[in-house]
Amino acid sequence: MPIHNREIATKLNRLANLLEIEGANSFRVRAYRKAASTVRGYPRSMSDMLDDGENLSKLPNIGDDLAEKIQTMVMTGELPLLQEVEDRTPPALSELMKIEGLGPKRVRKLYEELDIQSLNDLEEAIKAGKVQKISGFGNKSAEKIKLRLEKYSGNEQRTRLIDAEEIAAPLLDYLKDAKGIGNIIIAGSYRRRKETVGDLDILITAKDSSPVMNHFIRYDDVEEVVSKGETRSTVYLRSGMQVDVRVVPEESYGAAKIYFTGSKAHNIALRKLGTKKGYKINEYGVFEDNERIAGETEESVYECIDRKYIEPELRENRGELDAAADGSLPRLITLSDIRGNLHTHTKASDGHHSLKEMAKAAEKLGYEYLAITEHSRSLSIASGLDRDQLSRHLDEIDELNAQLENIVLLKSSEVDILEDGRLDYPDDILKKLDFTVCAIHQKFDLSRKKQTERILRAMDNPYFHVLAHPSGRLINERDPYDTNLEKILEAAKERGCFIELNAQPQRLDLTDEGCKMAKDMGVRISIASDAHSTSDLKHMRCGIDQARRGWLEVKDVINCLPRNQLLELFKR
DNA sequence: GCCGTTTTCGGCCCGACTGTTTTCAGTCG
């Protein structure tokens, strides 16, 4: 069973935590964390790369030493240095660091002075009044830790972007009523449109910050005020969401937007470029010899380091700073570039609205075409259509098309890919369709090799066109099934197939990195809402967010094409 | 431990807030 990138990353992070508690060189600790982050976000699996004979030390933040450690993990599943460290430092201390307010120094102190090795030990010690007696801790610290312990569940998750939007919207409205407020924007990963967000970073400009901060902490939904200062305040909302509000003067708005939008990796790279030119870049502006030379707008900051403006979605230090230097930044796709939707359901299978209702709703969005993709016969749980039902369904589409003026319904099906890689309908049925959207809905637990081969075999069928939700993951609910994405993309390129970016906010599958990988390999994408109701059609915008993070442009997305050109693509 | 258009050695982001101090360490983002 090959080890996953996320397991490698988890081990490296745990090692970093324990070494930090032991007081190891902080830059070495940081190096392990940076490497963990590289591995976690990398679209190809370390295991596959080693199989292909590639040198891992080419990856950013991974040198000879870590390349070797990763190779050992891939081959044996173990990291010897981690085991060594765990022999002398209790492994659970790593978890104690997850409690807010506890960093390496304090965890070490708790261990050395009170022999606290676990969350349980810590709880007992606080109850017994021992913690507040250690120097450096006091009653307030003990109280805070106690509160955090009560709320800590161990499986804290980031919030899906669409859920974060629901939390953010009323708060933003409320904050706008604060006295003397200038600009207001939600920065952070929310502005970068990342699929999940950890907290909300709200940036505000105002001459006087006090009224803004006082207004903020009086928000109805605030459960706890963590800190409150002149430029920064932090609260927890009842939903558990952490919200940071930062107030800066008007002239620093651009620099602060960059700073608080991140990502961290983008900012560090950007500041390094500044340093090289003799500037200091921080949240207040760009400084040359303590004189502010830019910062009012984001453009002015990028200009100082000879870069064009970079869209927030691209700010992940994945090559955007180089692209902004040589003029090769992508012109990112927008919602209005979309001409149709290639994956939708109606009442005929597991959708909630009729053909006509879906067609009218899509027409209202200005689409030229809408593909109806009911489930195929094996998926009885979603009322999949048998061959006669599908046949009648196609007739209905023909009849409705004769009445529709501004939109055309495309005849399709979300065809199951069976365990052996066959498609769920015979060819004589498939050929009646304009194109197919093929997907895996069962047998998620096949080995990586078998799952990949299953998909490749399916692609051999000349009626295979689009691979829908290619990993099957549901954010925060279900892990992706195990496949070799690179091999799938290679096969898609060879055979003239396409990959779906499923725009359902809990799917968003492909990932952003996956989109970029597909683009770089020359495989085009269908961004489709997989709508099961008329209102689901608007989830297209979630797919656009993800696509922009994956550097996609109009030319990379097949449903930006007019209908006749699109249908040409499906002639394999 | 990583990295390099000043460097193969010597850097590695840095400002804000809190609590416990009595001038600052620890933590966080």
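Since we're looking at a predicted model, the values are computed, not measured. Just so we're on the same page: letters track the sequence lines, and every chain starts at 1.
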First and last nucleotide of DNA chain B in contact with chain A, 5' to 3', at under 4.0 Å to a heavy atom: what are they?
B/dG1 to B/dG29
Reading DNA chain B from 5' onward, which residue's closest nucleotide shows up sooner: A/Leu59 or A/Asn139?
A/Leu59
Give each stem of DNA chain B as a range with a range, requiring at least 3 consecutive Watson-Crick or G-U wobble pairs whose two distances are under 3.5 Å.
B:1-4 with B:9-12, B:14-19 with B:24-29
State, yes or no, whether a side-chain contact exists between A/Leu59 and A/Met46 at a heavy-atom distance under 4.5 Å.
yes
Anything under 3.5 Å between a donor and an acceptor, one on a side chain of residues 309-322 of chain A, the other on a protein residue two or more places apart or in another chain? List them.
from: A/Glu311; atom 1: OE1; to: A/Arg548; atom 2: NH2; distance (Å): 3.4
from: A/Glu313; atom 1: OE2; to: A/Arg548; atom 2: NE; distance (Å): 2.7
from: A/Glu313; atom 1: OE2; to: A/Arg548; atom 2: NH2; distance (Å): 3.4
from: A/Arg315; atom 1: NE; to: A/Tyr302; atom 2: OH; distance (Å): 3.1
from: A/Arg315; atom 1: NE; to: A/Ile310; atom 2: O; distance (Å): 3.0
from: A/Arg315; atom 1: NH1; to: A/Glu298; atom 2: OE2; distance (Å): 2.9
from: A/Arg315; atom 1: NH2; to: A/Glu298; atom 2: OE2; distance (Å): 3.1
from: A/Arg315; atom 1: NH2; to: A/Ile310; atom 2: O; distance (Å): 2.9
from: A/Glu316; atom 1: OE2; to: A/Arg192; atom 2: NE; distance (Å): 2.8
from: A/Glu316; atom 1: OE2; to: A/Arg549; atom 2: NH1; distance (Å): 3.0
from: A/Glu316; atom 1: OE2; to: A/Arg549; atom 2: NH2; distance (Å): 3.1
from: A/Arg318; atom 1: NE; to: A/Glu513; atom 2: OE2; distance (Å): 3.2
from: A/Arg318; atom 1: NH2; to: A/Asp512; atom 2: OD2; distance (Å): 3.4
from: A/Arg318; atom 1: NH2; to: A/Glu513; atom 2: OE2; distance (Å): 3.3
from: A/Glu320; atom 1: OE1; to: A/Asn317; atom 2: N; distance (Å): 3.2
from: A/Glu320; atom 1: OE1; to: A/Arg318; atom 2: N; distance (Å): 2.7
from: A/Glu320; atom 1: OE2; to: A/His266; atom 2: ND1; distance (Å): 2.7
from: A/Glu320; atom 1: OE2; to: A/Glu316; atom 2: N; distance (Å): 3.1
from: A/Glu320; atom 1: OE2; to: A/Asn317; atom 2: N; distance (Å): 2.5

So, A/Arg33 and A/Glu20, do they make that salt bridge, N to O below 4.0 Å?
yes
Could you tell me how far B/dG15 sits from B/dG10 if I compare only their P atoms? Round to whole Å.
25 Å
The salt bridge (charged side-chain N to carboxylate O under 4.0 Å, His left out) partners of A/Asp87 (sequence neighbours excluded) come to none
Considering heavy-atom distances to DNA chain B, does A/Glu230 or A/Lys105 have its closest nucleotide positioned more toward the 5' end?
A/Glu230
For B/dG4 and B/dT8, measure between their P atoms and round to the nearest Å.
13 Å
Looking at residues at least two apart in the chain, or sitting in another chain, which of them share a ring-ring contact (aromatic ring centres under 6.0 Å, His included) with A/His539?
none
When all nucleic acid strands are considered with a 4.0 Å heavy-atom cut-off, which category describes A/Glu143: base, sugar-phosphate, or nothing?
nothing
I'd like a table of donor-acceptor pairs (distance under 3.5 Å, sequence neighbours excluded) in which one partner is a side-chain atom from residues 195-204 of chain A, with atom names and distances.
from: A/Glu195; atom 1: OE1; to: A/Arg473; atom 2: NH2; distance (Å): 2.8
from: A/Glu195; atom 1: OE1; to: A/Gln546; atom 2: NE2; distance (Å): 3.2
from: A/Glu195; atom 1: OE2; to: A/Arg473; atom 2: NH1; distance (Å): 3.1
from: A/Glu195; atom 1: OE2; to: A/Arg473; atom 2: NH2; distance (Å): 3.4
from: A/Thr196; atom 1: OG1; to: A/Arg158; atom 2: NE; distance (Å): 2.9
from: A/Asp201; atom 1: OD1; to: A/Arg246; atom 2: NH2; distance (Å): 3.4

Between B/dT23 and B/dT18 - C1' atom distance, rounded Å:
15 Å
Distance only, no hydrogens: is a donor on one side chain within 3.5 Å (strictly under) of an acceptor on the other, for A/Thr261 and A/Arg191?
yes
More than 12 foreign heavy atoms under 6.0 Å from CD of A/Glu166: is that the case here?
no
If I pick the C1' atom on B/dC13 and the same atom on B/dT27, what distance separates them, to the nearest angstrom?
16 Å
